[in-house]
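For reference, the structure discussed in these notes is given below.
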Amino acid sequence: MHGATTHCGYNPPFPLQNGLAMRLSKFHIATTREDPADAEIASHRLMLRAGMIRKLASGIYTWSPLGLRVLRKVEAIIREEMRNAGAIEMLMPSVQPRELWDESGRWNKYGPALLKFRDRREQEFCYGPTHEEVICEFARNELRSYRQLPVTFFQIQTKFRDEIRPRFGVMRSREFIMKDAYSFHMDQASQDETYRAMYDAYSRIFTRLGLEFRAVAADSGAIGGDVSHEFQVMADSGEDAIAFSDRSDYAANVELAEAVAPATPRPAPSQKLTRVETPEQRTIEEVGAFLNVPARQCVKTLLVRGTDGVVALCLRGDHELNEVKAAKQPELPGESVLAGEAEVRAATGATPGFIGPVGLPQDIPVIVDRSAAVLADFVCGGNVDGTHYTGANWERDARITRVADLRKVVAGDPSPDGRGMLSIARGIEVGHIFQNGDKYTRAMNVAVLGEDGKARTPITGCYGIGVTRIVAAAIEQNHDERGIIWPDAMAPWRAVICVINPKNDPAVDAAAESLYRDMTGRGIETALDDRGLRPGAMFADLELIGIPHRIVVSERGLAAGRFEYRGRRDAESRNMDRDALLALLG
RNA sequence: CGGGGUGUAGCUCAGCCUGGUAGAGCGCCACGUUCGGGACGUGGAAGUCGCAGGUUCAAGUCCUGUCACCCCGACCA
């Protein structure tokens, strides 16, 4: 009972498993040679091949022991930096009662992404896609005095958003792990200070994780004055488009980036307004080709649903509508929805494809994009099917209710800060920080007593990081044809020792074990590949899994008194003695 | 929500058109030979052919329904 031997007679070799060490023969490695059928992007394909994740249902994944090691690395860094920034950790429920969401109004407003269900007593719940309601409920019970503020709470929690279309593995999954933080403040100055602290903490987190990222100005939402930044990991496979200046640090989500007004004034009209027959020519491409006019000399007119009838939005033919900008126009109800064909016909008498600003009924507001507003002698729809106008001109032929910024920026546009030109690159949103004002605290009746003894509504900020998505984003940035190349901070192990053909020479096994002890003893997180695979299969596995540093222990190397070292990005191995190895990895 | 596609062994897929004993490669198990870039041989285990109904002497195959998964689109006139 108290002796050195155990009841089961099992004496594990030292060390079987601890914080730093792992024998792969006792771990679960499940790689595949073939590409999975359903994976389209590198990270999804490699995570499946490496055996990090397995799909359980659409957008729902199991994290294997290997995947979890990486996930925990990410979590640990986030946790550490959040603590350094003064945030305190807690854990809120994933299942939330409807009543809370009715208070904020989001039970109905959040939309179909909110997963709702009932318990056995027919009480309604949702699986939390975010936790503003719960933290406010917590805060209104726990926070009584301005003396307790400012305070920032955070948690690392599983969330669920019933995405229209989950894809790319954990990049856009329905169930995912998020770090979310919420700060409470008595005034804007305090909010600004915490916002800055979170911005800096996020920058440190993504830097430590070894990611190439940019903090970009983001859509601030319908409530004016709010501040928001997204943290984007740059990757061609990203789902977001980022505009950034080549000469300054300006960076913004394309949704937000301002398209500045052209510097050149509108030329005077030189052509006569002429209606031309354009049978079946509906798109700008078709009309432009038919009339031999470039798209940039055409005006396209979109009819959207306004608060009071349809609203016409006019853009240059080669530009695209930015729906976020459109939704902010006062004539619109806060969202940009194109009118249906029947509505278009009722309002104009023509069908989509032949709509233009010339001769539109007086009750339809005409909002013209800045770039379209400086055109002269342009082509536009004739408001009669099968016809367009050439030589059209604003004011003379077509009414302008207002000029506004309506379009998406394109590469080559001037930077809104006046310095340089915009480029557009793709990014993966891994973090997003907001200032919410009193949006949630007011709806949820959060109040604390101020210095004067009167109740005050605190303002809040919220700060999210997509923990699971970071893992995929890191792979998008760091992989080659052989597999994943982990940044050191995220690697499941820092180094792996490969034991080659130990049966041929007992010294190989002994040397590997000895090195394994030395490395883990020095605090180097090390895996020992004692699975007994053939070398080719072993190397292929380890490269797929992406362990940054590999040491090969073999009969051949020991004969020379050396170990063979190869970094994951190295083209060739080099021989090193034990001290040099420990110095390199320590 | 609309359109398209796919469901057959753990994985990648063939077989379906033209109904008649369930297949391959990889992986897995055993033995042997191998052993520095995913070895070879022999033997073996493994599938209610997504599910339900129908047609038929007979259904993986034809028909109907249904479910799941994937892709594209969700109106840029």
Side-chain angles (χ1 to χ4, degrees), chain A residues 29-41 44-45 48-49 51 54-60 111-112 164-169 278 280-288 295 298-305 310 312-323 325-326 336-345 347-348 350-357 360 369 372 379-383 385-386 388 406-408 410 481-483 498-505 508 529 531-544 550 552-557 564 566 572-573:
Chain A
I29 300 283
T31 56
T32 62
R33 190 162 13 169
E34 283 181 282
D35 277 340
D38 294 337
E40 293 199 276
I41 62 171
H44 188 198
R45 194 176 74 243
L48 287 167
R49 280 194 57 206
R54 296 293 182 218
K55 186 173 74 177
L56 183 63
S58 178
I60 301 178
I164 291 177
R165 195 166 148 214
R167 65 187 119 173
F168 305 150
T278 51
E280 299 302 316
Q281 310 298 308
R282 291 171 177 275
T283 67
I284 291 292
E285 292 72 34
E286 289 165 354
V287 172
C298 299
V299 165
K300 67 179 168 191
T301 304
L302 283 58
L303 294 184
V304 296
R305 292 176 185 156
V310 298
L313 305 177
C314 292
L315 296 162
R316 218 171 72 185
D318 58 332
H319 287 149
E320 288 189 12
L321 178 68
N322 180 324
E323 296 186 4
K325 291 176 180 176
S336 167
V337 180
L338 285 165
E341 185 161 338
E343 291 166 87
V344 173
R345 188 186 297 275
T348 68
T351 55
F354 300 104
I355 307 304
L360 275 181
D369 180 68
V379 168
C380 63
N383 293 323
D385 280 4
H388 280 76
L406 292 177
R407 69 175 175 92
K408 286 184 188 165
V410 295
E481 64 288 345
R482 295 182 173 189
C498 297
V499 190
I500 305 291
N501 297 328
K503 291 190 181 71
N504 293 356
D505 181 0
V508 168
D529 196 340
R531 293 177 297 166
L533 296 184
R534 303 165 63 82
M538 189 190 303
F539 297 155
D541 257 7
L542 298 172
E543 282 161 352
L544 173 60
R550 184 184 80 191
V552 171
V553 182
S554 67
E555 199 172 0
R556 181 207 287 176
E564 191 180 311
R566 183 161 171 181
E572 290 185 354
S573 303

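Below, each value reflects all heavy atoms present in this structure, side chains not excepted, and no hydrogens, waters or symmetry copies.
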- Message: The side chain of A:Ile164 is closest to which nucleotide in this list: B:C35, B:U12, B:A74?
- Response: B:A74

- Query: Would a distance-only check, ignoring hydrogens and angles, find a side-chain to backbone donor-acceptor pair under 3.5 Å from A:Asp385 to A:Ala350?
  - Reply: no

- Item | Between P of B:U12 and CZ of A:Arg49, the distance in whole Å | 13 Å

- Protein-nucleotide distance (A:Ile500, atom CD1; B:G38, atom P), rounded to Å: 13 Å

- Query: Hey, does the side chain of A:Arg345 reach the backbone of A:Thr351 with a donor-acceptor pair shorter than 3.5 angstrom?
  - Reply: no

- Query: To the nearest angstrom, how far is A:Arg54 atom CZ from B:G27 atom C1'?
  - Reply: 12 Å

- Query: When rounded to the nearest Å, what value does the distance between C1' atoms of B:G4 and B:C76 take?
  - Reply: 23 Å

- Message: I'd like to know if the side chain of A:Lys325 reaches the main chain of A:Arg407, judged simply by a donor and an acceptor atom lying under 3.5 Å from each other, with no hydrogens or angles considered.
- Response: yes

- In the structure shown, which nucleotide is the Watson-Crick or G-U wobble counterpart of B:G41, with both distances under 3.5 Å? B:C31

- Upstream residue (5' side of RNA chain B) when A:Asp35 and A:Phe168 are each assigned their closest nucleotide: A:Asp35

- Determine, stepwise, if the pair A:Cys498 / A:Glu564 fulfils side-chain contact (heavy atoms from CB on, under 4.5 Å). CA-CA 10 Å; A:Cys498 297; A:Glu564 191 180 311; over 6 Å; no

- Applying a 3.5 Å limit to both distances, which nucleotide forms a Watson-Crick or G-U wobble pair with B:U55? none

Show the distances under 3.5 angstrom between N or O atoms of the protein and N or O atoms of nucleotides 66-69 of chain B.
unit_1	atom_1	unit_2	atom_2	d
B:C69	OP1	A:Ser58	N	3.1
B:C69	O3'	A:Lys55	NZ	2.9

- Item | Candidates B:A77, B:G38, B:A39 - which lies nearest the side chain of A:Leu338 | B:A77

- Message: As a test of reading the structure: which of B:C71, B:A74, B:G37 is closest to the side chain of A:Glu40, going by heavy atoms?
- Response: B:C71

- Just checking A:Ala339: base, sugar-phosphate only, or nothing, at a heavy-atom cut-off of under 4.0 Å? base

- Message: Of the options B:U12, B:C35, B:A77, whose atoms approach the side-chain atoms of A:Leu302 most closely?
- Response: B:A77

- Message: So does A:His319 get a backbone contact from the side chain of A:Lys300, meaning a donor-acceptor N/O pair under 3.5 Å?
- Response: yes

- Message: Rounding to an integer number of Å, can you tell me how far A:Leu313 CG sits from B:C75 P?
- Response: 14 Å

- Item | First of A:Thr32 and A:Glu323 reached from the 5' end of RNA chain B, by closest nucleotide | A:Thr32

- Nearest to the side chain of A:Pro352, which nucleotide is it out of B:A77, B:G38, B:G37? B:A77

- Distance between the P atoms of B:G47 and B:A9, in whole angstroms? 10 Å

- Query: Expressed in whole Å, how much space separates the C1' atoms belonging to B:C51 and B:C67?
  - Reply: 7 Å

- For B:G60, which nucleotide is its Watson-Crick or G-U wobble mate, given both distances must be under 3.5 Å? none

- Message: For the C1' atoms, the ones on B:C26 and on B:G73, what distance do you get once it is rounded to whole angstrom?
- Response: 36 Å

- Query: Can you tell which of B:C76, B:G38, B:G37 lies closest to the side chain of A:Leu544?
  - Reply: B:G38

- Task: With a 3.5 angstrom cut-off on both distances, give the Watson-Crick or G-U wobble partner of B:A74, or none if there isn't one.
- Result: none

- Message: Using side-chain heavy atoms (C-beta onward) and a distance below 4.5 Å, is A:Pro36 in contact with A:His44?
- Response: no

- Message: When the C1' atoms of B:G65 and B:A45 are compared, how many Å lie between them, rounded to an integer?
- Response: 36 Å

- Task: Measure the distance from CD1 on A:Ile41 to P on B:C70 and round it to the nearest whole Å.
- Result: 14 Å

- Do the side chains of A:Phe354 and A:Thr278 get nearer than 4.5 Å, heavy atoms only? yes

- Task: Could I get the full list of side-chain hydrogen bond (donor to acceptor under 3.5 Å, both in side chains) partners for A:Asn501, not counting sequence neighbours?
- Result: none

- Nucleotide nearest A:Glu543 (side chain, heavy atoms from C-beta), chosen from B:G37, B:C13, B:A39: B:G37

- Message: From C-beta outward on A:Arg167, which listed nucleotide comes closest to its side chain: B:C71, B:A39, B:G38?
- Response: B:C71

- Message: As a test of reading the structure: which of B:C76, B:G37, B:C13 is closest to the side chain of A:Arg550, going by heavy atoms?
- Response: B:G37

- Message: On the nucleotide B:A77, are OP1 or OP2 found under 4.0 Å from the side-chain N or O atoms that A:Lys300 carries?
- Response: yes

- Task: For B:G5 versus B:G19, give the span between their P atoms, rounded off to a whole number of Å.
- Result: 23 Å

- Roughly how far apart, to the nearest Å, are B:G43 and B:G60 at atom C1'? 29 Å

- Item | Any strand: nucleotide that pairs with B:G7 via Watson-Crick or wobble, under 3.5 Å | B:C67

- With distance as the sole test, does A:Arg54 use its side chain to make a donor-acceptor pair with the main-chain N or O of A:Leu48 at under 3.5 Å? yes

- Query: Is there a Watson-Crick or G-U wobble partner for B:G19 with both distances under 3.5 Å, and if so, which one is it?
  - Reply: none

- When all nucleic acid strands are considered with a 4.0 Å heavy-atom cut-off, which category describes A:Arg482: base, sugar-phosphate, or nothing? base

- Task: Say whether, by atom type as modelled, one donor and one acceptor occur between the side chain of A:His388 and the main chain of A:Gly353 under 3.5 angstrom.
- Result: yes

- For atom CG of A:Asn504 and atom P of B:U33, their distance in whole Å: 13 Å

- Query: Does any donor-acceptor pair link the side chain of A:Arg282 with the base of B:A77 at a separation under 3.5 Å?
  - Reply: no

- Can you tell me if the side-chain N/O atoms of A:Arg33 get under 4.0 Å from OP1 or OP2 in B:C26? no

- Query: Mind checking the C1' distance from B:U61 to B:G23? Whole angstroms is fine.
  - Reply: 14 Å

- Item | Heavy-atom neighbours of A:Ile60 CD1 exceed 12 at 6.0 Å | yes

- Could you work out which one of B:C71, B:C76, B:G25 sits closest to the side chain of A:Glu34? B:G25

- Query: Between atom CG in A:Asp529 and atom P in B:G38, what is the gap in whole Å?
  - Reply: 16 Å

- Message: What is the separation between atom CD on A:Glu572 and atom C1' on B:G37, rounded to the nearest whole Å?
- Response: 14 Å

